[in-house]
Amino acid sequence: MADEKFDFATRAIHAGAAPDPTTGARSTPIYQTTAYVFDDVDHAASLFNLQTFGYIYSRLTNPTVAVLEERIANLEGGRAAVCAASGHAAQLLAFFSIMEPGDEFVASRNLYGGSITQFMHAFRKFGWICKFVDPSDPENFRRALTDKTKAIFCEVLANPGGTIVDLEPIAAIAKAAKVPLMVDNTLATPFLCRPFDWGADIVLHSTTKFLAGHGNAMGGAVVESGRFDWFAAGGKFPSMTESDPAYHGLKFAETFGDFGYSMKTRAVGLRDLGPTMAPLNAFLTITGIETLHLRMARHVANAQAVAEFLERHPAVAWVSYAGLASSPYRALARKYMPQGPGSVFTFGVKGGYDAGVALVEGVELFSHLANVGDTRSLVIHPASTTHRQLTTEQQVAAGAGPDTIRLSVGLESADDLIRDLSQALSRTAK
Ligand SMILES: *Cc1c(COP(=O)(O)O)cnc(C)c1O
């Protein structure tokens with residue numbers, strides 16, 4: 001299933017998986033094991049030297065997780081993938097493979113709030129410096145480059161506002177600077193957008209969201225295109241191109257070629273930092289992905305219906321959904337996501353903060369919680385929850401002002417969702 005002769009729907013169900021060779025089990029078993037028996041001492045030695053591919057210990061590799069890795073790599077059109085315990089763990093691993101203390105990367109400022117915090121504060125402790133830029137002008141990424149820049153990072157479909165980043169010119173800027181473009185594709189999923197087709201080098205996922213899809217399994221993934229030339233960057237990436245003392249002087253980019261970055265991320269990142277995905281979570285995510293194409297199509301259709309309802313509603317001040325004719329992101333949505341711009345977006349209630357609180361307390365079918373990408377419809381008022389530590393000015397800059405509500409539209413009946421929002425909106429006027 002490594003090639004792409006099958007359509008997306010077929011690959012979503014089959015890629016990376018085969019009946020279990022010993023039992024014939026048709027669905028991928030949960031290999032709930034910590035370790036794997038060696039054939040003999042020579043076999044063990046070659047596994048430890050990375051000369052043979054196989055299983056040693058589940059911090060590094062596990063057969064259930066391996067099926068998920070191959071499936072995600074296949075759906076993204078990538079060369080290889082490494083899964084991690086969460087989306088944040090995947091981001092940590094992705095940067096750990098290429099960054100040295102004092103290095104910088106440039107990131108879009110339109111990101112999931114947790115990523116902004118991770119980049120701004122936690123990464124500082126490793127000596128990694130993130131420069132945030134407004135992604136609406138791609139040239140802003142070029143302006144922030146220095147000789148210490150090691151990557152450009154963005155979300156193609158950005159949380160929370162459902163805004164879209166123009167990947168193609170940003171990929172050209174990254175290419176000219178000889179640094180990889182990393183794209184968080186969590187909200188779009190490979191069903192709606194494949195960043196590798198637009199020049200990205202590394203794709204990241206919080207599989208916790210739409211890939212697992214049912215709000216029941218944490219996970220993350222780092223996917224590499226296999227096209228980035230680490231040697232051509234002229235010594236910028238010593239961890240890829242220079243001898244690794246922990247592996248007898250092996251050079252990852254030389255020995256493993258177009259999957260050297262994945263090998264580095266696994267054999268050093270996962271080995272030494274340890275944020276491994278649990279086999280049960282891999283199983284749930286594999287199962288989730290089998291219906292990804294059906295779910296995403298329905299998520300998008302429901303989001304479109306809900307957004308159109310909200311735009312017509314007199315208690316609603318504005319709606320930020322790139323599928324609306326009124327959206328400034330409509331053209332970018334058509335280019336990068338012709339099947340629709342996902343199902344996470346924001347809108348504003350008339351009456352500001354108090355109206356926002358009344359809405360989240362008034363809904364009955366929508367769940368008031370901090371997550372996206374569930375079968376269930378979800379709602380949050382960022383100013384009173386995820387963004388409450390920020391000043392009003394900072395909230396507005398993050399697209400989460402006092403009147404802002406974020407929805408993750410699920411898979412229920414659109415009519416029921418609209419009825420629920422309608423009754424909750426009637427309470428915001430009081
Ligand atoms: C949730 C999320 C993350 C972080 O993923 P976790 O699995 O929660 O660690 C990163 N990026 C985006 C866009 C997200 O929605």
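Below, each value reflects all heavy atoms present in this structure, side chains not excepted, and no hydrogens, waters or symmetry copies. Counting from 1, the numbers follow the sequence of the chain as shown. As the structure lists them, so they are numbered: ligands from 1, and atoms in each ligand from 1.
- Below 4.0 Å from some heavy atom of Asn159 lie the following atoms of ligand 1, by number and element: 15 (O).
- Atom numbering of ligand 1 starts at 1 in the shown order; those under 4.0 Å from a heavy atom of Met218 are 7 (O), 8 (O).
- The shortest contact between atom 9 (O) of ligand 1 and any protein heavy atom is with His88 N, 2.9 Å.
- Remark: minimum distance from atom 1 (C) of ligand 1 to any protein heavy atom is reached at Lys209 NZ, 1.4 Å.
- Looking at Gly87 next to ligand 1, an N or O pair under 3.5 Å apart turns up.
- Heavy atoms of Gly219 approach ligand 1 to within less than 4.0 angstrom.
- Less than 4.0 angstrom separates some heavy atom of Thr208 from each of these atoms of ligand 1: 7 (O).
- For ligand 1, the atoms closer than 4.0 angstrom to any heavy atom of Ser86 are 7 (O), 9 (O).
- Comment: Lys131 engages Glu104 in a salt bridge, judged by a side-chain N to carboxylate O separation of less than 4.0 angstrom.
- A salt bridge does not link Asp20 to Arg26: none of the charged side-chain nitrogens sits closer than 4.0 Å to a carboxylate oxygen.
- Taking a cut-off of under 4.0 Å to the non-hydrogen atoms of Glu155, the atoms of ligand 1 that pass are 13 (C).
- Here the closest non-hydrogen pair linking Thr386 and Ala370 is CG2-CB, 4.4 Å.
- Below 30°, between 30° and 60°, or above 60°: for His293 and Phe191 the angle between ring planes is between 30° and 60°, a tilted geometry.
- The pair Arg266-Glu69 meets the salt-bridge criterion, with a side-chain N (NZ, NE, NH1 or NH2) lying under 4.0 Å from an Asp/Glu carboxylate O.
- Given atom 11 (N) of ligand 1, the protein heavy atom at minimum distance is Asp184 OD2, 2.7 Å.
- Looking at Lys148 and Asp103, no side-chain N of the basic residue comes within less than 4.0 Å of a carboxylate O on the acidic one, giving no salt bridge.
- The existence of a salt bridge linking Asp137 and Arg143 is confirmed by a sub-4.0 Å separation between a basic side-chain nitrogen and an acidic carboxylate oxygen.
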